[in-house]
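This chain uses plain numbering: 1 for the first residue, then up along the sequence.
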Amino acid sequence: MAASSEKLMSQPRSYQQFYKQSVSEPDVFWTREAARIDWVKPFTRVCDFSNPPFAKWFVGGETNLCYNAIDRHLATRADQNALVWISSEVEAQRTFTYRQLFDEVNRFAAILKSLGVGKGDRVLIYMPMIPEAVFAMLATVRIGAIHSVVFGGFAAASLAARIDDAKPKVMITADAGSRMGKIIPLKPLTDEAIQFAGHPPKHVVVVNRGLDKNIQYIPGRDMDYMALCHRHSGKDSGKDSTEIVPCEWVESSHPSYILYTSGTTGKPKGVQRDTGGYAVALAASMPHIFDMRSGSSPQFAETFFCTSDIGWVVGHSYIIYGPLINGCTTIMYDGLPVRPDAGIWWKIVEEYKVSVMFSSPTAVRVLKKQDPAFLTKYDTSSLRYLFLAGEPLDQPTSDWIEKGINVKVIDNYWQTESGWPILSAEPGIEDTPRKCGSPSFASYGYRIKLKHEETGLPVAPNEKGVLCIQPPLPPGCMSTIWGDDARFVKTYFSSFKDEQVYTTFDWATCDQDGYYFIMGRTDDVINVAGHRLGTREIEEAIQAHHNIAEVAVVGVADALKGQVPIAFAVVKNAAKTATPELAAIHEKEVMATVDHELGAIGRPARVYFVTVLPKTRSGKLLRRSIQAICEGRDPGDLTTIEDLSALDQVKQQVEN
Ligand code: ATP
Ligand code: MG
């Protein structure tokens, strides 16, 4: 007894030992980590994997996500800031202590209940980056309902498809968001989507920010949030306190939310997340991976700043649930990194003494185009780490920011499906040396396999393989595709005949020292005269040319060779491609670089020069759309594109 409790308490202090315990003694490991959250009823089994590939974590345990994010901190952190909202779009700032957040969430929970939302019902949240979106999410899980946040940048048709998949009882939206100071109406899109939808919600709660003066309410269906707040703040009944809505205790595997993948590679999948496993995974990742120390003592608080959007998985996990479960102060930033100027993020870091930041390589590349003086204008010495994820991180970008603000940069790799990093350094356990271009090692709990695409055999060091995870997937990972278990198994677990493994659909290599390198997506492979080439490899070769800032390569159908690579590049010095003659010379130079770096087989058939590449607003290259344009096809769903003119440039170049 004494020995086993000792084992539970003692946590290995080296990455190797920590990782090893997570995979060789998962019950010991996860029982220890599960103690980081509060359970109203203890679990009886760590993992039930009797029906592979479905895994149930912390079976029989009962808990609540909202309770862990708010209620349990009230005794010690009631007056500590929980949520700091900063908007450079509407030039406003609002701060909520844990006590105030508790009040807001309870009021929202009372509203949802009054609209008939109960355990297991879906609530669709289509909101800009405002605190009410956070209240709505926490209120939903408080009452055991399931939220489905749809990124506010999606247009009506995409929203309608998600409404029909999730079949929400209630939808929550706002009159409008704002981007670059321009009002982006949301309510008309909500109305349009509901018209398209086969399963319209019964009610729509509208947070009216007063940005769009023309919003229309549909009587009986639409409710004004402020009016509902008034009704539930006790003021009408003469009480002066907010209604308290008790947490609905749910079994660990009860779904907490549905989140659709960004759809870069096709029809979005409704990732379903559980409750207990997710809470434990986030509670553990904050100290171990992100080195956040708030949880270590009830009096101690640190600030976490994740620059993502609540519409993406990074926002769910690291703007909201992760930091709050750990008693941190979390920053929610509504705006662009360059408005009012490129110093805004560093100003926030200085003001709130941010300890750790989480952003994306794309955002850093945006800053890199600005005056570097902004990097030193503010005191950023509180910042220990900058985590970057979502896209491959190139060395120049990483070096630029690491030196610029004197912070350690940590590349980490994961997916909507995983909910938390699959590959990352874990400085909270051990500050292992990092290699540029590598998200380091497997996170604890992940049994990674690099499999040969055809044979399924493990690949040799430095040889490219498909990045797979041996099930059971660790706590926090998707439990299934919402409403479609068969699609879950078929999509993710059916790539190899020899064994049932989860496929990430990304290529990777692993070097002799155990560092992983992501080589791109498996469907970004092109077939040139029978040779299979990753577009990412060609992109890297092109980037070796000193004047290339960014590049996208796609495979385009070719009668002779099957496919040929075509490159679209952004140059650093535009003067070198200013005339058609200069561009032609530059194109030859870039081709010669590829010949040298990769071999003539990878040489692009054409290199076109553009000033901006088509990307989603989450920073992912829209290779599919570029490819479609090159082949004269429809570019597909462009509702989340950052800048439509980028696609026009591609069109112009190809047509010329
Ligand atoms: P869909 O699956 O619908 O096509 P998506 O894959 O773009 O959408 P996400 O789940 O947001 O949506 O993105 C995960 C993907 O992003 C990974 O599979 C990988 O391709 C890429 N990615 C994430 N982090 C990194 C990283 N650190 N380095 C390289 N690539 C990364
Ligand atoms: Mg994906």
Hey, is the main chain of [Y] close enough, under 3.5 Å, to the side chain of [X] for a donor-acceptor pair?
{"X": "R77", "Y": "F300", "value": "yes"}
{"X": "Q80", "Y": "G327", "value": "yes"}
{"X": "S317", "Y": "G419", "value": "yes"}
{"X": "Y126", "Y": "F154", "value": "yes"}
{"X": "T173", "Y": "V206", "value": "no"}
{"X": "T330", "Y": "I320", "value": "no"}
{"X": "E89", "Y": "G181", "value": "yes"}

Practice item. Applying salt bridge (charged side-chain N to carboxylate O under 4.0 Å, His left out), name anything that partners D431, two or more places apart in sequence or on another chain. Key: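 Partners of D431 by the salt bridge (charged side-chain N to carboxylate O under 4.0 Å, His left out) criterion, ordered by chain and then number, come out as K408, R434.
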In Å and rounded to the nearest 0.5 Å, what is the [atom1] to [atom2] distance from [X] to [Y]?
{"X": "I542", "Y": "E597", "atom1": "CD1", "atom2": "CD", "answer": "11.0 Å"}
{"X": "E587", "Y": "M591", "atom1": "CD", "atom2": "CE", "answer": "4.0 Å"}
{"X": "I331", "Y": "Q93", "atom1": "CD1", "atom2": "CD", "answer": "8.0 Å"}

Apply the ring pair (Phe, Tyr, Trp, His ring centres under 6.0 Å) test between [X] and each candidate in [options]; give the one that qualifies.
{"X": "F290", "options": "Y318, W420, Y385", "value": "Y318"}
{"X": "F441", "options": "Y515, Y516, F517, Y413", "value": "Y515"}
{"X": "F135", "options": "F96, W85, Y225", "value": "F96"}

Check your understanding: Would R617 count as a cation-pi partner of F151, with NZ or CZ less than 6.0 Å from the six-membered ring centre and within 45° of the ring normal?
Key ->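 R617 over F151 ring: no.
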Review point. Counting only heavy atoms not in K347, do more than 12 sit closer than 6.0 Å to its NZ atom?
Key: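 Open: at most 12 neighbouring heavy atoms sit under 6.0 Å from NZ of K347.
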Practice item. Decide if atom NZ of K353 counts as having more than 12 heavy atoms of other residues, nucleotides or ligands within a radius under 6.0 Å. Key: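 Atom NZ in K353 is not crowded, with 12 or fewer foreign heavy atoms closer than 6.0 Å.
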Is it true that [X] and [Y] make a salt bridge, defined as a side-chain N closer than 4.0 Å to a carboxylate O?
{"X": "K464", "Y": "E537", "answer": "yes"}
{"X": "D595", "Y": "R603", "answer": "yes"}
{"X": "D291", "Y": "R384", "answer": "yes"}
{"X": "E391", "Y": "K615", "answer": "no"}

Practice item. Could you please spell out the steps behind the salt bridge (charged side-chain N to carboxylate O under 4.0 Å, His left out) verdict for D524 and R623? Key: CA-CA 8 Å; D524 284 339; R623 288 197 185 79; 3.3 Å; yes
Exercise for review: Report the C-alpha separation of F305 and Y352 in whole Å, then their side-chain angles, then the decisive distance to 0.1 Å, and conclude whether the ring-ring contact (aromatic ring centres under 6.0 Å, His included) test is met.
Suggested key: CA-CA 9 Å; F305 178 17; Y352 291 94; 9.1 Å; no
Which atom pairs, one a donor and one an acceptor, fall under 3.5 Å between side chains of residues 338-346 and the rest of the protein, sequence neighbours left out?
| from | atom 1 | to | atom 2 | distance (Å) |
| --- | --- | --- | --- | --- |
| R339 | NH2 | S88 | O | 3.4 |
| D341 | OD1 | G343 | N | 2.7 |

Exercise for review: Hey, can you tell me if H316 and H147 have their rings parallel, tilted or perpendicular (30° and 60° cut-offs)?
Suggested key: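 Rings of H316 and H147: tilted, 30 to 60°.
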Check your understanding: How about Q649 and T611: does a side-chain donor come under 3.5 Å of a side-chain acceptor?
Key ->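 Per modelled atom types, Q649 and T611 side chains form a pair under 3.5 Å.
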